[in-house]
Amino acid sequence: MQKFNPSFLATSIEYLKGVGPERAAILKNEASIYTFGDLLKLYPYRYIDRTQFYSTQHIDNTQTYIQLKGKIKNIQEIGQGRGRRLTAIFYDDAGQIELVWFQGIKWLQKSLSTQETYILYGKPNWFNGKFNITHPELEKFTDFNAENVGTFRSMYNTSEKMKKKGLDSKAIFKLIQNLLAQLKPEHILEMLPSTLLAKYKLMPRYDAIKNIHIPQTLALQTQAIQRLKFEELFLIQLNLLRLKIIRQRADGIYFEKVDNYFKKFYDDALPFDLTNAQKRVLKEIRKDTLSGKQMNRLLQGDVGSGKTIVAMLSMLMAIDNNYQAAFMAPTEILAQQHFAGLKPLCDIINIRIALLSGSTKNKDRKQILASILQGEIHILIGTHALLEDDVQFKNLGIAIIDEQHRFGVEQRAKLWKKNSIAPHVLVMTATPIPRTLAMTLYGDLDVSVLDELPPGRKPIMTVHRYESKRIAVFSFLKEEIAKGRQVYIVYPLIEESEKLDLIDLQNGYESISRSFPLPDYALSIVHGKMKPEDKDFEMQRFIKGETQIMVATTVIEVGVNVPNASVMVIENAERFGLSQLHQLRGRVGRGAEQSYCILMSSNKLTTDGKKRINTMVETNDGFKISEVDLELRGPGNIEGKQQSGNIDLKLANIATDGAIIEEARKAAINLLEEDTLLEKQENADLKFYLQQIKSENNYWRNIS
Ligand code: ADP
Ligand code: MG
């Protein structure tokens with residue numbers, strides 16, 4: 001074995017043949033490619049099988065992507081403003097198909113030629129009664145033929161700006177070819193120990209890097225991807241597990257006794273019997289807080305499973321030992337609701353509880369901050385406001401984060417630092433997370449599950465109704481309201497088109513007020529653009545039963561609890577993601593009455609939209625729903641990055657690579673069992689590599 005030589009991959013990208021200073025600047029700004037090594041980490045997103053050609057005659061609905069050979073005619077610009085586009089006809093011996101571009105029109109007009117023969121690659125869409133292809137990849141046949149690089153052409157994602165400067169997929173491929181021509185085995189560090197390679201039959205890293213970019217055969221391509229996915233997932237697991245080990249070595253806060261407040265609360269304040277699941281989880285938390293180590297636990301429980309009371313009792317464990325507790329919620333409304341719900345219970349046993357949020361008045365805020373520092377306040381409830389530096393506790397013993405999917409790992413870490421010895425941390429999430437995702441996101445946490453709903457709940461009945469049935473839906477709502485029930489009507493809110501959504505909401509509100517006129521009906525309206533006071537005022541009217549209908553955007557999605565509300569109507573249900581639908585539905589079915597969820601949609605539904613709605617109609621099981629969600633959303637899209645913490649996988653797909661995730665985790669556990677500190681010679685390269693990525697990779701910078 002030659003000695004590893006890191007200098008080649010560390011070379012500035014500027015010095016690669018075909019790059020130079022101008023392109024280097026674009027590569028840096030647009031793709032964070034600074035070095036040779038960075039370029040190698042830009043993996044292809046797809047491969048074209050260069051041996052397979054279709055003819056325009058054979059285009060049908062079954063193909064995803066096809067490769068055609070032919071010429072272009074009738075290039076023309078049509079439409080204006082947002083409708084502006086370039087169209088052309090692509091034809092071969094057998095027939096033709098329309099091409100459409102919405103971007104890069106100028107450049108295309110200049111570069112497309114009606115004389116050339118092109119190789120086209122793209123995805124046919126069925127539109128207005130015929131097939132077309134939008135934004136196809138085009139390549140001159142002469143260029144295509146000139147290359148002789150195996151069976152596959154690798155495709156790379158590049159930004160619009162890069163394309164404008166000629167750095168399209170093809171250009172990147174060229175650069176990669178140039179780079180691979182110089183790449184030698186000693187430039188690549190094989191960080192995985194050889195025993196692991198053998199055990200999991202993994203391709204050596206050098207070969208994998210070559211074959212992921214320029215595979216010679218399908219088998220080699222598959223092996224290369226497999227190896228690099230394993231590596232990616234294995235390193236994540238290893239880091240998470242090491243983080244856990246490090247934390248377990250440090251001292252944690254010891255909750256010696258649980259007698260006074262906890263018992264009093266249990267006897268005098270607890271409004272119901274705990275479910276067995278709640279009891280079990282509390283025992284797990286008790287055990288953690290007695291271990292002398294820091295608790296880092298994830299509590300997963302479907303909507304309505306009763307997580308709040310578990311949080312409350314856990315906080316009492318801290319208070320019984322003269323520690324304070326923090327309870328953090330993702331939205332103002334939710335924080336307020338937790339406060340409103342827990343305050344009367346705390347009053348019964350003389351626990352001091354306070355609310356701190358973005359809208360807390362300055363004067364009150366100052367006072368609250370002083371009391372927290374003095375230790376006069378036992379429980380502090382709040383939003384992100386709790387994370388700010390001036391929020392200092394006398395002795396924080398436990399921090400609870402509700403609905404974790406709204407918080408990043410970074411924020412979790414901020415809470416750890418609020419006490420000299422890291423407080424116990426309980427993360428609660430109502431969005432059920434598929435096992436593989438949980439392992440990847442929360443692999444450093446212990447997991448508890450509330451798998452039982454409080455008794456007496458009737459399963460929510462869910463139906464799908466098209467717009468044409470609106471009158472019937474409204475008369476059903478009237479019947480329910482006549483029985484004394486309350487109703488939610490929710491409109492989508494999608495950030496990019498907030499304005500349009502608000503118009504939807506307002507139009508909806510007006511038509512609802514016409515159908516449900518005063519004085520027989522009173523309506524509340526809540527949306528994100530309202531002042532917190534107004535929002536609160538409207539919420540309170542609904543909670544108190546002064547209004548029967550709550551018209552809202554998804555601001556009410558998380559956690560809101562009005563047991564008398566029995567119907568959830570979701571407008572444009574096809575525009576919501578599955579977990580959002582599930583969250584929304586969870587707002588009803590909290591009382592003893594039969595509850596309903598009505599998913600309204602237009603007649604035009606995409607396949608995915610239909611599948612989402614059908615899934616909701618078929619099941620109430622949050623875990624099943626999360627699996628379908630993951631399957632539909634695919635990689636990189638799981639609940640948007642904001643919701644899943646800072647996960648950034650380059651290759652692996654949480655939805656489809658479950659088996660590799662499990663394997664990688666097992667491998668990491670085994671390795672650390674044998675060599676916890678990575679001191680063995682065979683793991684030296686691995687240790688070295690981990691230190692390297694720790695200093696350069698964002699994900700890990702955020703965690704530790
Ligand atoms: P989530 O897990 O969604 O946060 P909550 O904590 O808001 O659920 O609880 C939902 C509702 O169930 C609340 O009204 C709560 O008071 C009630 N609840 C919780 N636990 C029980 C129980 N063991 N028995 C009866 N009702 C309960
Ligand atoms: Mg909750």
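Just so you know, these numbers use all the heavy atoms, side chains as well, and skip hydrogens, waters and symmetry mates. Numbering of ligands and ligand atoms starts at 1, following listing order.
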**Message:** Show the atoms of ligand 1 that are less than 4.0 angstrom away from any heavy atom in Leu274.
**Reply:** 23 (N)
**Pair Ser566, Glu480: side-chain N/O donor-acceptor within cut-off below 3.5 Å** = yes
**Message:** If we set the cut-off at 4.0 Å for heavy atoms, which region of Arg457 has an atom near ligand 1: side chain, backbone, both, or neither?
**Reply:** side chain
**Request:** Run the contact test for Ser305 against ligand 1 with a 4.0 Å cut-off on heavy atoms, strictly below, and give the result.
**Result:** yes
**Item:** Charged N-O contact under 4.0 Å between Arg541 and Glu538
**Value:** yes
**Complete:** Counting from 1 in the order shown, the ligand 1 atoms closer than 4.0 Å to a non-hydrogen atom of Thr308 are 4 (O), 5 (P), 6 (O), 7 (O)
**Request:** Would you mind reporting whether Ile368 and Leu380 have side-chain heavy atoms less than 4.5 Å apart?
**Result:** yes
**Prompt:** Backbone, side chain, both or neither: what part of Asp273 comes under 4.0 angstrom of ligand 1, heavy atoms only?
**Reply:** backbone
**Asked** Short list, please: which atoms of ligand 1 are under 4.0 Å from a heavy atom of Arg590?
**Response** 3 (O), 7 (O), 10 (C)
**Request:** Give me the one residue out of Val487, Leu523, Thr547 that meets side chain to side chain contact (heavy atoms under 4.5 Å, CB included) with Phe542.
**Result:** Thr547
**Request:** Measure the spacing between CD of Glu452 and NZ of Lys279 and express it to the nearest 0.5 Å.
**Result:** 9.5 Å
**Prompt:** So, does Gln337 sit close enough to ligand 1 that a heavy atom of it is under 4.0 Å from the ligand?
**Reply:** no
**Option of least heavy-atom distance to atom 2 (O) of ligand 1 (set: Glu452, Gln278, Lys307, Lys279)** = Lys307
**Message:** With respect to Pro455, determine whether any N or O atom, backbone or side chain, lies less than 3.5 Å from an N or O atom of ligand 1.
**Reply:** no
**Any side-chain donor near an acceptor of the partner, His424 and Asp288, under 3.5 Å** = no
**Prompt:** Looking only at heavy atoms, is any part of Met428 under 4.0 Å from ligand 1, and if so is it the side chain, the backbone, or both, or is it neither?
**Reply:** neither
**Arg457 bridged to Glu593 by N-O distance under 4.0 Å** = no
**Message:** Once you restrict to heavy atoms under 4.0 Å, what part of Thr275 touches ligand 1? Side chain, backbone, both or neither.
**Reply:** both
